[in-house]
> 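Dumping the structure here so I can ask a few things about it.
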Amino acid sequence: GLLLFEEKQQVTAGINSWNYNLEITAAIAEKWQKKDKKVSLTPSKNGKIYLIPGIYSIKINIENSSQIKPLEIIRNEKN
């Protein structure tokens with residue numbers, strides 16, 4: 001698959017949380033649209049490009065182990 005976003009976080013033992021606003025760069029959006037012609041990404045009113053509704057994979061690396069978990073984005077029908 002195509003890497004859409006990557007960020008490193010400092011974490012400690014216990015419960016940790018992380019915020020991601022679903023934004024991707026214009027360069028990543030262009031690569032994605034070239035790879036999949038069915039994907040249509042346009043900047044929002046604020047000029048930023050966000051992930052479209054769908055199911056994505058999140059890979060979490062901790063030291064020498066990793067886990068892949070699903071992330072489902074659904075459309076907010078209120079807006």
Side-chain angles (χ1 to χ4, degrees):
L2 180 64
L3 179 64
L4 301 175
F5 180 80
E6 181 176 40
E7 183 174 286
K8 294 185 181 199
Q9 293 287 320
Q10 290 287 90
V11 296
T12 58
I15 297 174
N16 293 270
S17 65
W18 167 73
N19 293 318
Y20 171 48
N21 68 357
L22 307 178
E23 183 181 348
I24 59 173
T25 65
I28 293 296
E30 185 178 333
K31 283 182 187 178
W32 190 4
Q33 291 177 117
K34 284 182 180 177
K35 184 175 181 174
D36 187 345
K37 302 294 183 193
K38 294 180 277 183
V39 172
S40 176
L41 301 166
T42 56
S44 65
K45 292 178 184 176
N46 65 7
K48 296 180 180 183
I49 302 171
Y50 296 97
L51 293 176
I52 57 176
I55 298 176
Y56 300 86
S57 296
I58 294 178
K59 183 176 181 182
I60 301 168
N61 297 314
I62 300 175
E63 295 179 1
N64 293 327
S65 67
S66 64
Q67 291 185 359
I68 296 176
K69 299 288 184 181
L71 168 68
E72 182 175 8
I73 298 172
I74 57 174
R75 184 171 309 284
N76 182 349
E77 297 299 330
K78 295 179 182 178
N79 295 335

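Atom set for the values below is all heavy atoms of this structure, side chains included, hydrogens, waters and symmetry mates excluded.
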> Flag yes if Phe5 and Ile73 sit in one hydrophobic cluster, no otherwise; membership is Ile, Leu, Val, Met, Phe, Trp, Tyr, and two members link when side-chain heavy atoms are under 4.5 Å apart.
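Yes, because Phe5 and Ile73 connect within a single hydrophobic cluster, where side-chain heavy atoms sit under 4.5 Å apart.
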
> Look up atom CD1 in Ile52 and atom CZ in Arg75, then write down how far apart they are to the nearest 0.5 Å.
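Answer rounded to 0.5 Å: 8.5 Å.
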
> Where do Ser57 and Ile68 come nearest, in terms of heavy atoms and distance?
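Distance-wise, the nearest heavy atoms are CB-CG2, 3.8 Å.
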
> Is the count of non-hydrogen atoms from other residues, nucleotides or ligands lying under 6.0 Å from Leu2 atom CG greater than 12?
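Yes - once you tally the heavy atoms of other residues, nucleotides and ligands closer than 6.0 Å, there are more than 12.
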
> When rounded to the nearest 0.5 angstrom, what distance separates OH in Tyr56 from CG in Leu51?
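If we round to the nearest 0.5 Å, Tyr56:OH and Leu51:CG are 4.5 Å apart.
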
> Could you check whether any side-chain heavy atom of Asn61 comes within less than 4.5 Å of a side-chain heavy atom of Ser66, counting everything from C-beta outward?
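A side-chain contact exists here, since the closest heavy-atom pair is under 4.5 Å.
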
> Near Gln67 CD, under 6.0 Å, is it more than 12 heavy atoms from other residues, nucleotides or ligands?
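Check fails, neighbour count at 12 or below.
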
> Do any side-chain atoms of residues 18-32 form donor-acceptor pairs under 3.5 angstrom with protein atoms, and if so which ones, sequence neighbours left out?
unit_1: Trp18; atom_1: NE1; unit_2: Glu7; atom_2: OE2; d: 2.7
unit_1: Tyr20; atom_1: OH; unit_2: Glu23; atom_2: O; d: 2.9
unit_1: Asn21; atom_1: OD1; unit_2: Glu23; atom_2: N; d: 3.0
unit_1: Asn21; atom_1: ND2; unit_2: Glu23; atom_2: OE1; d: 3.3
unit_1: Thr25; atom_1: OG1; unit_2: Ile28; atom_2: N; d: 3.1
unit_1: Glu30; atom_1: OE2; unit_2: Lys34; atom_2: NZ; d: 3.3

> Taking all atoms of both residues into account, what is the closest heavy-atom pair of Glu72 and Ile55, and its distance?
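Result for this residue pair: CG-CG1, 4.0 Å.
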
